[in-house]
Amino acid sequence: MAELLTVENLAVHTGPRPAEKIVDGVSLTMGESEVLALVGESGSGKSLTAMSLVRLLPRPLTAGADVLTLDDVDLLRATDRSMDQIRGGRIGMLFQQPKHMLDPTSTVGAQVAEPLRRFRGMNRAAARQATIELLRDVGVPEPERRARSYAHQLSGGLAQRVMIAAALAGQPRLLIADEPTTALDVTVEAQILRLLAAKKAELGMSILFISHDLGVVSSIADRIAVMYAGRIVEQGPAGEVLTAPQHPYTRALIECSLLRPGPSGELCSIPGHADSALRITSGCRFRPRCTATHDAHIEHQCAAAEPALATQSHATRCWIGMPTQVKEPA
Amino acid sequence: MFFLIRRLAVLVGTLVIASFVVFLIPYLTPGDPVRKILRGRVSDLNVDPVTLENLRRSYGLDRPLLTQFWDWLVKALRGDLGLSYTRRSPVTEMIGSALGVTTVLAITSLLIALVAALLFGSLAAVKRGRPTDTAITSITQGFVAIPEYWLAPVLILVFALQLGALPSAGWRGPESLVLPCLTLALRPMSYFTQVTRASMIDVLESPHITAARARGLTFGATMIRHGLRNALLPVITLFSVWLAGLLGGSVVVEVIFSIPGMGRLLYESVINNDIPTIQAGVISLVGLAVLITTLTDMGYTLINPTVRAAHVSA
């Protein structure tokens with residue numbers, strides 16, 4: 001399968017190097033028309049990973065990688081000017097809080113039209129017409145009237161549809177969707193997920209779908225990568241990761257997404273905090289919160305090192321899930 | 001619509017109250033109004049009481065205060081603000097011509113200030129924390145402390161006397177605008193720059209800027225299309241405050257450059273106790289200030305549609 005996106009050993013630093021790494025050693029590959037879900041709790045580095053792909057990290061964060069290619073384009077060596085062509089052109093983006101992502105002082109139609117004029121060379125009149133078609137296409141009712149609306153006049157779901165229209169306007173090969181349904185209510189969330197799935201099938205684009213919600217992810221993802229404290233801890237086909245998780249963190253996430261509030265009303269949570277995990281410099285970063293049963297031998301390994309993510313289709317960075325021959329001889 | 005009517009009511013109310021206060025000026029200042037009138041005309045103030053009473057009656061100053069006010073108000077509404085005590089010419093004409101001069105001076109100065117401020121303020125915001133920002137921020141902070149009575153003579157000395165490039169005083173043609181406008185523009189430019197910088201920094205951090213970049217807009221296009229417009233609101237507010245202030249005329253600048261504007265007119269009227277001119281000048285400035293505030297509020301809604309929504313729902 002031809003790879004669309006290849007990321008090797010991506011890191012995000014908190015400032016000019018040497019600085020703390022808040023994303024570390026992330027490697028990903030995405031094929032054509034594939035949905036890869038990047039899953040993890042807040043602060044795990046999912047969004048930073050996505051933003052570093054399009055070189056939009058907020059200052060003073062910096063990113064580096066060994067390999068970063070989209071199709072035949074080397075994103076590491078791309079000039080800032082050619083990045084302006086890639087964003088909105090080959091890579092479209094969706095965000096959480098769609099209403100805040102639209103300029104309050106300009107009409108939504110004008111914003112959807114921007115990529116049309118820039119990437120498809122349309123004049124003002126053609127772009128206006130195409131904008132209305134795009135809006136209609138993503139299920140915006142009365143697109144002629146809505147094109148003249150402002151962000152504050154739209155509901156969250158409608159604003160996200162507008163954002164989808166704007167993201168698709170440049171005919172991207174890859175859509176990065178950063179928690180696109182988190183701020184929406186459940187029925188609207190389902191509509192947006194169906195719309196994204198339909199557009200993916202229609203246009204043959206790939207989607208990097210970022211979410212903390214495995215329930216949402218299960219309905220759309222082909223493959224899942226689970227992030228914890230800036231690293232990918234498990235990666236594999238969606239069905240396998242969800243039914244046969246190998247990393248204790250993935251298992252805990254799945255349990256939490258399935259469990260309803262307990263009899264006393266408490267919500268499921270994974271004991272401990274991820275905040276301090278970045279300060280763990282050796283061994284597994286999930287170690288302090290891990291509830292899996294370890295024998296003494298594995299316990300020693302957990303503290304000493306974290307296994308590299310293998311290249312096989314379903315892989316994990318947990319010693320427990322490792323095939324026995326990888327273990328050191330006793 | 002309701003918003004408009006309410007603003008108009010406020011405008012009219014403010015003007016009525018202000019005009020009453022202004023009308024009271026001669027009665028609030030110590031001394032007999034008739035003697036004040038005389039002082040402007042004759043050097044000998046030892047007038048006999050009968051003449052004084054006759055004068056009082058001829059000016060209508062013997063009638064009840066409210067009757068006098070009503071009379072004055074009705075005439076003022078017809079555009080008749082009386083005769084100047086000292087120059088014996090209609091006050092309306094004097095105010096009209098002075099206000100015209102001052103308006104040109106104020107608007108030119110503030111537009112210079114605004115354009116420079118948008119440029120420097122945006123630049124400082126984009127280069128936040130770098131040397132460019134530090135330079136712009138500290139220089140404009142310094143400019144705020146430069147008084148007009150110092151800057152004006154320095155500019156005259158350099159550009160008029162040494163280089164002979166520009167006239168040092170007077171009001172003839174565009175070149176006589178340059179030095180006074182530069183003098184007047186410096187301080188508002190500094191304030192506008194600082195406000196533009198602060199609001200631009202806010203806007204740059206807002207999510208919709210990231211989204212615009214993600215749509216493929218270049219940094220420059222994003223700034224112009226989605227940054228400036230959002231950052232403009234607080235600057236417009238400050239602009240209108242300065243406009244209302246500068247329309248009162250800058251006494252210092254108009255006197256130094258011999259410009260026949262409101263500042264100099266009012267200054268001379270006060271010196272000469274020319275009460276009708278003072279009254280008319282103050283009331284037209286109050287009116288202008290209220291008008292500008294109203295126009296500014298309406299201008300917001302053109303720039304920011306969310307303000308429009310707030311008015312509709314209010």
Side-chain angles (χ1 to χ4, degrees), chain A residues 47 50-51 53-60 80-108 110-120 148-153 159 162-163 165-170 172 175-176 178, chain B residues 118 122 124-133 196-197 199-237 298-314:
Chain A
S47 299
M51 292 309 255
L53 300 184
V54 289
R55 221 181 275 176
L56 281 181
L57 282 174
R59 278 203 301 186
D80 283 346
R81 178 175 290 203
S82 53
M83 282 310 290
D84 286 337
Q85 293 291 333
I86 285 163
R87 276 184 235 111
R90 290 188 194 217
I91 302 180
M93 291 192 83
L94 296 178
F95 304 89
Q96 205 177 336
Q97 305 283 5
K99 289 182 77 167
H100 296 169
M101 290 294 161
L102 290 162
D103 181 349
T105 64
S106 90
T107 63
V108 299
Q111 293 172 75
V112 175
E114 282 165 355
L116 292 172
R117 301 197 61 185
R118 184 165 160 75
F119 296 108
R120 287 159 70 179
R148 293 191 302 270
S149 301
Y150 292 90
H152 70 274
Q153 297 166 322
V162 168
M163 289 298 289
L168 297 183
L175 181 69
I176 297 177
D178 188 353
Chain B
L118 290 182
S122 308
V126 169
K127 301 279 181 193
R128 184 184 183 183
R130 311 231 188 114
T132 318
D133 175 30
T196 305
R197 175 184 177 273
S199 91
M200 199 63 163
I201 284 174
D202 271 358
V203 173
L204 285 178
E205 281 169 359
S206 55
H208 71 82
I209 293 292
T210 309
R213 296 301 310 279
R215 283 197 298 276
L217 261 66
T218 60
F219 185 75
T222 307
M223 284 304 94
I224 291 164
R225 294 181 60 103
H226 302 294
L228 260 186
R229 200 175 156 115
N230 283 283
L232 215 53
L233 218 57
V235 187
I236 297 282
T237 311
M298 284 150 73
Y300 289 159
T301 63
L302 291 181
I303 292 175
N304 190 344
T306 47
V307 179
R308 198 178 310 158
H311 285 154
V312 170
S313 59

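Here is the naming used below: chain letters follow the sequence lines, and residue numbers restart at 1 for every chain.
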*Asks:* Please state whether the side chain, the backbone, both or neither of A/L94 comes within less than 4.5 Å of a heavy atom of chain B.
*Replies:*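 No part of A/L94 comes within 4.5 Å of chain B.
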*Asks:* Using non-hydrogen atoms only, which part of A/R59 is less than 4.5 Å away from chain B: side chain, backbone, both, or neither?
*Replies:*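 Side chain only.
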*Asks:* Give, as side chain, backbone, both or neither, the part of A/M83 having an atom under 4.5 angstrom from any heavy atom of chain B.
*Replies:*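 Neither the backbone nor the side chain of A/M83 comes within 4.5 Å of chain B.
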*Asks:* With a 4.5 angstrom heavy-atom cut-off, which part of A/Q111 approaches chain B: side chain, backbone, both or neither?
*Replies:*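 Both backbone and side chain.
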*Asks:* Does any N or O in the side chain of A/R120 come within less than 3.5 Å of the main-chain N or O of A/G170, such that one atom is a donor and the other an acceptor?
*Replies:*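 No; zero donor-acceptor contacts below 3.5 Å.
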*Asks:* Return the option, out of A/D84, A/V112, A/T105, A/T107, with the maximum number of heavy-atom pairs under 4.5 Å with chain B.
*Replies:*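 Answer, by heavy-atom pair count under 4.5 Å with chain B: A/T105.
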*Asks:* Which residue pairs pass the salt bridge (Lys or Arg N to Asp or Glu O under 4.0 Å) test with at least one member in residues 227-236 of chain B, sequence neighbours excluded?
*Replies:*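 As it turns out, there is no salt bridge (Lys or Arg N to Asp or Glu O under 4.0 Å) pair with a partner in residues 227-236 of chain B once direct neighbours are skipped.
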*Asks:* Does B/R225 pair with A/D103 as a salt bridge, N-O distance under 4.0 Å?
*Replies:*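 Judged by the 4.0 Å cut-off on N to carboxylate O distance, B/R225 and A/D103 do not form a salt bridge.
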*Asks:* Which residues pass the salt bridge (Lys or Arg N to Asp or Glu O under 4.0 Å) test with B/R128, sequence neighbours left out?
*Replies:*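 Checked B/R128 against salt bridge (Lys or Arg N to Asp or Glu O under 4.0 Å); matches are B/E205.
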*Asks:* Nearest 0.5 Å, what's the NE2-CD distance between B/H208 and A/Q97?
*Replies:*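 If we round to the nearest 0.5 Å, B/H208:NE2 and A/Q97:CD are 14.0 Å apart.
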